[in-house]
Amino acid sequence: MADVRLKGLSKTFNKRLAVDDLSLDIRHGEFFVLLGPTGAGKTTTLRLIAGLERPDKGSVSIGGRDVTHSEPAERDCAFVFQQYSLYPHLTVYDNLAFPLKSPLRRLSKEDIDVRVREVAETVHISHKLDSKATQLSGGEMQRVGIGRALVRRPNIYLMDEPLSSLDARLRSDLRLELKRIQQDTGATLLYVTHDQIEAMTMASRIGILENGRLVQCGTPREIYENPASVYVATRLGTPRINLLPAGVIPAGSEPTGTSVIGVRTEHVVLGDPSSSASKARIGKVERLGDQTFLHVDVEGHKLVLLADPHVALEADRAVGLSLRAPLFFAADGARIHAGQEARQ
Amino acid sequence: MPALSTAHSVVAPSSTSRWIAGTIVITYAVITMIPLVWIVLTSFKTPPDSIAYPPKVVFEPTLEGYCNLFTTRTRQPPEYIASLPPAEDVCDEIARSRNMVIAGPSNVVPRFVNSIVIAFGSTFLAVLLGTLAAYGFSRFKVPLKDDLLFFILSTRMMPPVAVAIPIYLMYRELGLTDSRLGMILLYTAVNVSLAVWLLKGFIDEIPREYEDAAMVDGYTRLQAFRLTVLPQAATGIAATAIFCLIFAWNEYAFAVLLTSGEAQTMPPFIPFIIGEGGQDWPAVSAATTLFLVPIFVFTILLRKHLLRGITFGAVRK
Ligand SMILES: Nc1ncnc2c1ncn2[C@@H]1O[C@H](COP(=O)(O)OP(=O)(O)O)[C@@H](O)[C@H]1O
Ligand SMILES: [Mg+2]
């Protein structure tokens, strides 16, 4: 295991920047999650680290060694691909053994066998070792894909949305499993996803990618509570953060230059219409089972808030609404802290 | 992939349409089989039976065609033949009954060996080069890739014989006429374009994540190619090999032009199997029958791959 350091990485495909001046330190033993929508450059970042793409600019170092120009095999990363992870012409056993059979490693047949069976236990696939890879279900395939990374003790595990093709139940199981394995082995892991729940539940630190740029980096709490921009704020939290033009609801000490106010459930106090700052009306009450969304109309704008499922709420009722320390953003989307001016 | 990819039509064919399809297939099979059957039958006829009119469907089979194919014979006076010790084998006997004695083996065996060496050799080379080139075109940024691919294809836009004269002159200069090496190179050159195009289609369909995974796992690109791409391209390689082999095996025009002895293959040899008083049809048919065997065996061996290979693109993964 080792630290991974990216410095000013850039990669252009057909004149379009896929990764833009990305600098990042992933510390030894860390579960780092890169979060970003499709096309943000997540896969490209992983491929740059693994050596499957050459950067146009910048450098990659693993364990203190500059590997920018090394072959993938020399970097000793393990990669779980988003799809097509298994060799269709091999059995599950041979798929798991494949990385160990590399001429670089020179392991004996017995050692390989021990490792393969151990990992098969870990990812709960021991009963399918003799099946062809193509005979597995999607979930089983992805477990083998993860297992194929885990048979090795590489410098870093790179995982490209490994759970995105699975159903919800399996996803949450594997989420816990992955986190447990990472903690047990102290592995360094760079995990890439567009799913905020995966990021929030597994990450020691999250990096938010926007169009190939790393826009913010921090613990899940930091990023949730203290987003650096509108973009970052909209990445995390269900329901999504509500964005209101400044001035619709009085927000106390609005810093100058504020153009958008970000409102999450915890920034809202609902109360008596007479004693609150604004008058609002409860629209729909949307019960999703585990969560209840409250649609609130205020001054012609709509807010979606999370409601306490135990409180009986009727639709179409007038309420009072005031804000408590919401997030302020400038016109360009940058965050402005209360008591600060917008940077020009 | 393979295990899950059987294409099922949504509606099972009705019995009528199955009946019609069956009839068409059988009719087509019969029409294409008749000449082959006729050749095989003729190879077991006597020369007079082979040219009898009306054609003889029922006849007494003989090995005369095969004997004549493998031997050369000389006519001798009956007294001389009578003075010989008893015939050693069937061919001896047949020859004597025609007042001839066997003078020695014919050229058919070396010609057959030439055909095998040249056809399989050029097929191997064409498929090897084709696979590597197709892989390169499929995976790497090659400058002028589209133009190069078009150029490669354009070599097949005219019949190869159109350049027979330049090739003949070139080969004469290089001393490649009537040599196995020359023929192998020539057939390889003709087939390699086909191989590149066919195989590029197959390799394009193999996701590159497999090689990427192998390279990350500690293999070089060549090892990754051998361990992940080749096994998955087996179907395409088999289909391509059959197409190449069929061309090289049957090629006639260049073989006539460029070979006469040493390196002569079967196609130019067969039509000139002459017996007494002209073409020896049973011997010609015997040669043709034997000529069909290797392709037949090769195709049967690769049949499993071939069905999927020839319909490639039509059936998606
Ligand atoms: N091999 C490639 N050739 C051309 N464009 C590419 C290639 N790989 C990625 N891109 C482009 O780079 C951008 C980032 O892609 P990617 O890293 O795959 O994003 P993500 O994994 O976050 O969805 C996308 O616009 C994509 O179209
Ligand atoms: Mg991706």
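Every chain is numbered from 1, with letters handed out A, B, ... down the list of sequences. Below, each value reflects all heavy atoms present in this structure, side chains not excepted, and no hydrogens, waters or symmetry copies.
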Item checked: Min side-chain heavy-atom separation A:Glu140-A:Gln142 under 4.5 Å -> no
Next item on the list: Could you tell me whether B:Arg303 sits above the aromatic face of B:Phe296, with NZ or CZ closer than 6.0 angstrom to the six-membered ring centre and within 45 degrees of the axis?
Entry: no
Notebook entry, point to check: Which atoms of A:Tyr87 come close to chain B, meaning under 4.5 Å heavy atom to heavy atom: side chain ones, backbone ones, both, or neither?
Noted result: both
Note to self: Report which part of B:Ala214 has an atom under 4.5 Å of a heavy atom belonging to chain A: side chain, backbone, both, or neither.
What the structure shows: both
Next item on the list: Give, as side chain, backbone, both or neither, the part of B:Gln223 having an atom under 4.5 angstrom from any heavy atom of chain A.
Entry: side chain
Notebook entry, point to check: Checking B:Thr240 side chain against B:Leu198 main chain: does a donor-acceptor pair fall under 3.5 Å?
Noted result: no
Next item on the list: Select one option (side chain, backbone, both, neither) describing which atoms of A:Leu86 are under 4.5 Å from chain B's heavy atoms.
Entry: backbone
Check: Should B:Phe243 and B:Asn191 count as side-chain neighbours, where that means a heavy-atom distance under 4.5 Å?
Finding: no
Check: Picking from A:Lys132, A:Glu74, A:Arg105, which has the most non-hydrogen pairs under 4.5 angstrom with chain B?
Finding: A:Arg105
Check: Judged by atom type as modelled, is there a donor-acceptor pair below 3.5 Å linking the side chain of A:Thr122 to the main-chain atoms of A:Glu118?
Finding: yes
